[in-house]
Each structure stands twice: as C-alpha cells, then as structure tokens.
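Written out below as structure tokens is the structure these notes cover.
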Amino acid sequence: MNDITKIRNIGIAAHIDSGKTTLSERILFYTGKIHQMVEVRDKSGSGPTMDSMDLEREKGITIQSAATYCEWGDYHINLIDTPGHIDFTVEVERSLRVLDGAVLVLCAVAGVQSQTMTVERQMRRYNVPRIAFINKVDRSGANPDRVVAQLQEKLNLKPVLLTMPIGLEEQFEGVVDLLKMKANYFDGPNGENVREEEIPEGLKEEANYRRLQIVESLADYDDNIAEKFLGDEFVSSEEIIPVLRKATIALHTTPVFVGTAKQNKGVQLMLDGVGMFLPSPLDKVNEALDLDNNENKIALVTDPKKPFVGLAFKLEDGRFGQLTYMRIYQGSVKKGDFITNAKTKKKVKVPRLVRMHAKDMHDIEEANAGDIVAMFGVECSSGDTFTDGSVNYSMTSMFVPRPVIELSVAPKEKTAQVNFSKALNRFQKEDPTFQVYRDEESNETIIKGMGELHLEIYIERIKREYNCDVVVGKPKVAYRETITQRAEYNYTHKKQTGGSGQFARVAGYIEPIPAEDNKDYEFVDAVVGGVISREFIPGCDKGFQDQIANGVLIEQPVVNVRVVLNDGQTHPVDSSEMAFRLASRYAMREALIAAKPIILEPIMKLETSAPDEFQGVIIGQINQRRGIIVNTTIETGYTIVNAEVPLSEMFGYSSDLRGATQGKGEFTMEFLKYAPVPKNVQEQLIEEYKKAKASK
C-alpha cells in the first residue's frame, strides 16, 4: 500500500449510545474484515469486535479506544472507535490528536447532545475535519432535518445533506444519493447488496430541492459553482466532489449522511464519503517543535524518505508486554530499527511491528509516514515522541484535563501489594487523567480521576486483571483555594546558630489572576538593583510554589495567583538559596492569609433526560443539590434538563435518579469549571478539615 493519498486515518466519535460501536461493526463487515456482526447488547456474551474488554461487554459501553484497519475500494482506512462516555474523555483526546479526520455520529431522535458538543470542541482543538452520520433514522421520532438544524445552531457547523431518507421511522427503506441523484436500497440479510434505482416519483421534487441546497452551500466557497448556481445551470457531481472535499478539509463544511447502522442501511454511502471528503495524511499540516532551536515550529512532511518522527499516543498492556500505538508523521520505520525517545533520549530497538485489528495483530516488516501501527517492547509513556535520532523534534502534547475526584484505595490482602502497585503503575502510564499519589499524613494511596465511573472501572480492572480485591474509601472532591484581593508581603528569615547563619528578606505582593486566563500560578521577577542576587531568584520561585501546593484554609492547592517579587535583601555571608526558599514560603503564607482566601469547588455540566412526566422530579432533585438549571427542552415525549451542579453534591445521584424515574432517567456529566463555594459550605469544610486534623 504505497499510495498515501488513499490512506484515511479516521475516528468515530459521538455522544454515548448514539451507535458508534454498532457503526464500527458495520464498517468492518462491509469492508470484509469480519464475517458476522455482533450487537452491543448481545446476550451470547461475545460482544462487538471493537469492545474486546469483558467490562465493556457487560456495561455495553466503550472504555478504551480500539484500533483497526480495513480496505474500502481503493482506500486503506485506519479506524479508531472512541468511547462516548465523558469519564474517558482522554481516550477521545488522544485519538483525535493523531487522526486526520472523523465521523461524528448522531442519533436521529436525540440529535446534538451534551457530549456531541464536547467531542466537537475536541475536534476543533485539533482541527479535525469531519463528516456526520445521522444514525437510527428507523426509530420512532426520528427527524434528520431537526438534527441538521441543530448541527448548525448548536455546533456552528455548516452541514450539507448528501443522502436523504426514503421514508422515516419504521417506513425507512433506503436513501437517495443526492450527488448521483439515484435511490439506493440495501438488500440481503445484512444490507450488503446495494441496489441502485431511479428516485421514487413522490420524492423527486424534494430531492431536486435538496441537491440545489448542496450547490448553494458551495457557491460561497467556489466562484465557478457560484456562477452556475446564479445562472440556474446544472452542476455535475464531478464538479461538486472536489470542491466539497476542499471545503470539508478546510473545516468550512460538514457533509451529512443518514441511515441506520443496526438495520444495515446507508452505511456504505457514508464509507464512500470517508474516501471522497476526509483528508489523507498529505492534506493535513502536522507540526513538531525543534528542541535544538528554541522549540521553533517545524512542519512535518508525510514523506517516507525524510527522518523518522512518530508519536506514541496510546499504551496497552498486551499478552506480550507493553503494546505502544504509534502514528508515523514522517519517514519510515522497519522491524529491528533503533528509534530515540525525544523526552528521555533513550534509544530503543523495535523488536516487533504490527497492525492492530481490535485485539488481533498482523505482523508487518515496515511502516511509512501516514500509518498508524503498534509496536512491542518499546517502553515509553503516553504522548512521547520518537525519532530516528538524526533530528531532535517533539510533537506538541495533547490537552489533558485535570482530575476532579479522588478515592483512597488499598489492597484487601497484604499479599496482593505487589499486584496492586503493578496495576496502578500501568494504569497511570496508560491514562494521563488517572493519577496516583501517597498521602504522607494518613499514609493512604489516593487515586484521582475524571468521575465516579472512571475510578470504578479502574478498581474493577484491578480486581479482574490483577486478581486483587480492593478496599475503597469514600470519594472526595478535589477542592482548590484562591485569593480575592491583592496583599503585600515583606518577610525576613533569620537564623543564627553556631557556624554560618541563614538570612534572606523578600518583599512584594500577590494578586488574583482572572480565572478565564487559565493560569494557576505566575511568578514575576521585578527585582532591580541586585538587592537579591540573581542566583537566589529561582529559590524564591520554588519557595512560593512550595506554599501554594497547600493552601491556608483546608490545605488544598492554591490557583490563579500572580506573585510579584520586587524587593529584598541579601547578606554577603549568611544568604543561600535555601534561606530564600524558606523566606518566600513563609512570606507567601502570610500574604495568602491577608488576601482573603476562598475555597473553589468543581462544577459539573449535567444533562439529565427522562420521560415528560418526571420533569418536576428531575428539576426538584437538581435544585436540592445546589444545581442551577441552564435550560430545559422537550423533545418527542422526553424532557432534557441542562444544569450546572457542584460535584460534591452529585454522589449517589444515579441511584436517586433511577429510583425517582422508575429506571427511565439517564444523565451525563462532565467537568465545567471551578467556582467559589457558598459561605456556609466554606465554613463547614474548614470545620471538617480542623476536626480531621485534630483526630490524626
């Protein structure tokens, strides 16, 4: 496979339960990768190809992004099925970081949901062009036009419908291809035989109108099409396709296909769309930072002859040791080659190179720029860059959200300690949002993550994969502290014991940084006239940071603080970096107390949906949990409530919601921002903190 223009590195992303994994199964089936399809809720226990973990099959959700590859016509597609559940958001981040294009799946009934918006934000962050597939057109209440309108209103996309449904809900029979102006029906037990017919009489007018809309949407992008559109001339699909491809790759337009993955209709045309409209590795500009040249940006070229550059974007513990997924951006790599980790500067040999098909592996000898492959025996962390050693480049790392929830964990049996540590080390390496630290005071092991489900899944995996039962403490919220006003400091640290003493004086002020600047800490060195010698300035910075790691109210990290150091004093004999570090630490403590500190708590974006009759109950429950309702919409008998709620009030919400809605309520939740806690809650938190401290 040498033609790079025919490679498509794509991901499938969507809100939970829109049918992503079902769609992946269909893609694998139609491209001849699998010979039998399995549904997500299959009772036989075999589960879909892409959900290879037992846990995924039991819960019917995708946890890890799975990778596979397939051929469709002339196209070679590397496909990554990403999770929809927001607790696994880093899996989506890291997949989008290395993909060239994506398929955004939407449910024809529910339309654009909260996580569709999150995924869309992630796609924008990495400039990933996408096509959309409106799934479940056969369900009652399906309305593709409404979903197209939502793509425009809620996501600010410019959607262009390329296939239109023939009939809706249970009357859905097939789709009209608006480029070729032909009706397509999907025959055979699995819809594998596509039959092309003339468009039914009753739909011709609508089809003509919709085709005109495609032309119109491209008219403001291409002068040639604009002229023809204004002159009422016919525009052929040969003229439309290249322009639509350009507009899609430039993130100007989003081609939209309709169908139903479960009933096997409309998927093949969407696959044609992947080839026609999504970029090949040559169409995307990827940049690296030149570490030998002040981290200047360098454009990487998708050329197998250039020096090798690859990014390890995902790790898995396989049967044969660590499996490292790598996207190759430049150059090529062969089995047995030596590659260099840009971060650690270590050289490693590539003992085995494979293409992944979910959990099966196909050995290969060589991989080139544009490929996504996996390697065994290459030790590294998620997000490391590898080169052939001739260049010193690093790919920009991906955005990793901060964990907001923590739990204390310990192995039930002392004998399982080794396995317990192994599991935590492995998961931390694999997932940058899963963090582990030791609480020195209580001597407990604390794990941090993105939500209850996130940590629950890891605890379950420790039990299953490492045969180690875990004792779990109560979940704790990751609070932060900040200051609300400017405060001066002027602190002198003096110690005179036998021999040389310690002396340092630091002065200046601290002030709040606006939260929207997204900066936790900033150090401004405004010292003039050498009152503090240059060599001690880094020590001051370290001292300030030592103190803000533990705030003055409940010992939580302090955020959004700018420290300005503008005066001080150095003693010719008794001053040292250590003395300045200590002086800065105590100075910061005094300043924090004077700057009217407050406690911040994580606020979650919550979307709850349930049948209409439970609307009052849902709103009541959210209000009880200090939630603020942002908006409420009613669609086809369902109420959808969007709210902002403090994470500390959300424990146990799922069982309360299920109980109050006869099991019909569902919710999704993701981190939104940190916000000040109400005064009474702050007092309560300080009280609890003091009690806990006294009892230790």
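- One finds the CD1 atom of I298 at 12.0 Å from the OG atom of S394 (value rounded to the nearest 0.5 Å).
- Side-chain contact check for K346 versus T340: every heavy-atom pair is 4.5 Å or farther apart.
- Distance check, rounded to the nearest 0.5 Å: CG of N296 to CG of L291 gives 10.5 Å.
- A pairwise comparison of heavy atoms in F376 and P351 identifies O-CD, 3.1 Å as the closest pair.
- To the nearest 0.5 Å, atoms CZ (R130) and CE (M123) are separated by 6.0 Å.
- V301 is listed as a side-chain neighbour of Q330, based on a closest heavy-atom distance under 4.5 Å.
- Here the side chain of T385 pairs a donor or acceptor atom with the backbone of M395 at under 3.5 angstrom.
- When all heavy atoms of P403 and T433 are compared, the pair lying nearest together is CG-O, 3.8 Å.
- V333 has its side chain out of reach of F386: every pair of non-hydrogen atoms, C-beta onward, lies at least 4.5 Å apart.
- The closest side-chain heavy-atom distance from Q547 to V558 is not below 4.5 Å.
- Side-chain atoms of K476 and I405, non-hydrogen and from C-beta on, never get closer than 4.5 Å to each other.
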Working note: I462 + F427, criterion side chain to side chain contact (heavy atoms under 4.5 Å, CB included); need CA distance, chi angles, decisive distance, verdict. CA-CA 9 Å; I462 295 172; F427 296 148; 3.7 Å; yes

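- If you take CE on M326 and CD1 on I328, they are separated by 7.5 Å, rounding to the nearest 0.5 Å.
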Set out, in order, the CA-CA distance, both residues' side-chain angles and the distance that settles side chain to side chain contact (heavy atoms under 4.5 Å, CB included) for I537 and L565, then state yes or no. CA-CA 9 Å; I537 300 283; L565 177 67; 4.2 Å; yes

Stepwise, does the side chain to side chain contact (heavy atoms under 4.5 Å, CB included) test hold for L155 with T254? CA-CA 11 Å; L155 300 181; T254 303; over 6 Å; no

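- With contacts defined as side-chain heavy-atom distances shorter than 4.5 Å, the pair I447/Y458 does not qualify.
- Between the side chain of R8 and the backbone N or O of L278 there is at least one donor-acceptor pair closer than 3.5 Å.
- When atom types are taken as modelled, the side chain of S280 and the backbone of L282 share a donor-acceptor pair closer than 3.5 angstrom.
- A donor-acceptor pair is defined here as one N or O able to donate and one able to accept, closer than 3.5 Å; such a pair exists between the side chain of D371 and the backbone of N368.
- I4 approaches A369 most closely through the heavy-atom pair CD1-O, 4.0 Å.
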Take Y521 and D541, measure what side chain to side chain donor-acceptor pair (under 3.5 Å) needs, and give me the verdict at the end. CA-CA 10 Å; Y521 168 80; D541 186 9; 2.5 Å; yes

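- By the side chain to side chain donor-acceptor pair (under 3.5 Å) test, N419 pairs with no residue at all, sequence neighbours left out.
- Using a 4.5 Å heavy-atom cutoff, the side chains of P307 and T387 are not in contact.
- Put simply, CG on D337 and CZ on F308 are 8.5 Å apart, with the number rounded to the nearest 0.5 Å.
- Between R26 and M270, every side-chain heavy-atom pair lies at or beyond the 4.5 Å cut-off.
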Show your reasoning for whether side chain to side chain contact (heavy atoms under 4.5 Å, CB included) applies to I10 and L99. CA-CA 6 Å; I10 65 162; L99 292 170; 5.6 Å; no

Please assess R124 against E120 for the test salt bridge (charged side-chain N to carboxylate O under 4.0 Å, His left out), listing each intermediate value before the final yes or no. CA-CA 6 Å; R124 282 178 196 242; E120 169 58 30; 2.7 Å; yes

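- For the residue pair F580 and C540, the shortest heavy atom distance occurs at CD2-SG, 3.8 Å.
- Of the charged side-chain nitrogens involved, none lies within less than 4.0 Å of a carboxylate oxygen, so that D520 and R480 do not count as a salt-bridged pair.
- Using cut-offs of 30° and 60° on the angle between ring planes, the pair F544 and F523 is tilted.
- Without hydrogens or angle criteria, T302 side chain to P281 main chain gives a donor-acceptor distance under 3.5 Å.
- A pairwise comparison of heavy atoms in K305 and D303 identifies N-OD1, 2.8 Å as the closest pair.
- Few gaps surround NZ on K345; more than 12 heavy atoms of other groups in view lie less than 6.0 Å from it.
- In this structure, the side chain of R438 engages the main chain of N443 through a donor-acceptor pair within 3.5 Å.
- Proximity of a side-chain donor or acceptor of K284 to a complementary backbone N or O of N127 within less than 3.5 Å is detected.
- A side-chain N or O of D100 and one of N9 form a donor-acceptor pair less than 3.5 Å apart.
- To the nearest 0.5 Å, atom OG1 of residue T324 and atom CG of residue D384 are 9.0 Å apart.
- Counting only distance, with no hydrogens or angles, the side chain of D525 and the backbone of V527 share a donor-acceptor pair below 3.5 Å.
- Between R352 and K335, the closest heavy-atom pair is CA-CG, 4.3 Å.
- Here the side chain of S408 pairs no donor or acceptor atom with the backbone of E444 at under 3.5 angstrom.
- The side chain to side chain donor-acceptor pair (under 3.5 Å) search around D292 returns N392, not counting sequence neighbours.
- A cation-pi arrangement is present between R327 and Y329 under the rule of less than 6.0 angstrom and at most 45 degrees off the ring axis.
- For R245 (side chain) and M276 (main-chain N/O), a donor-acceptor pair under 3.5 Å exists by modelled atom type.
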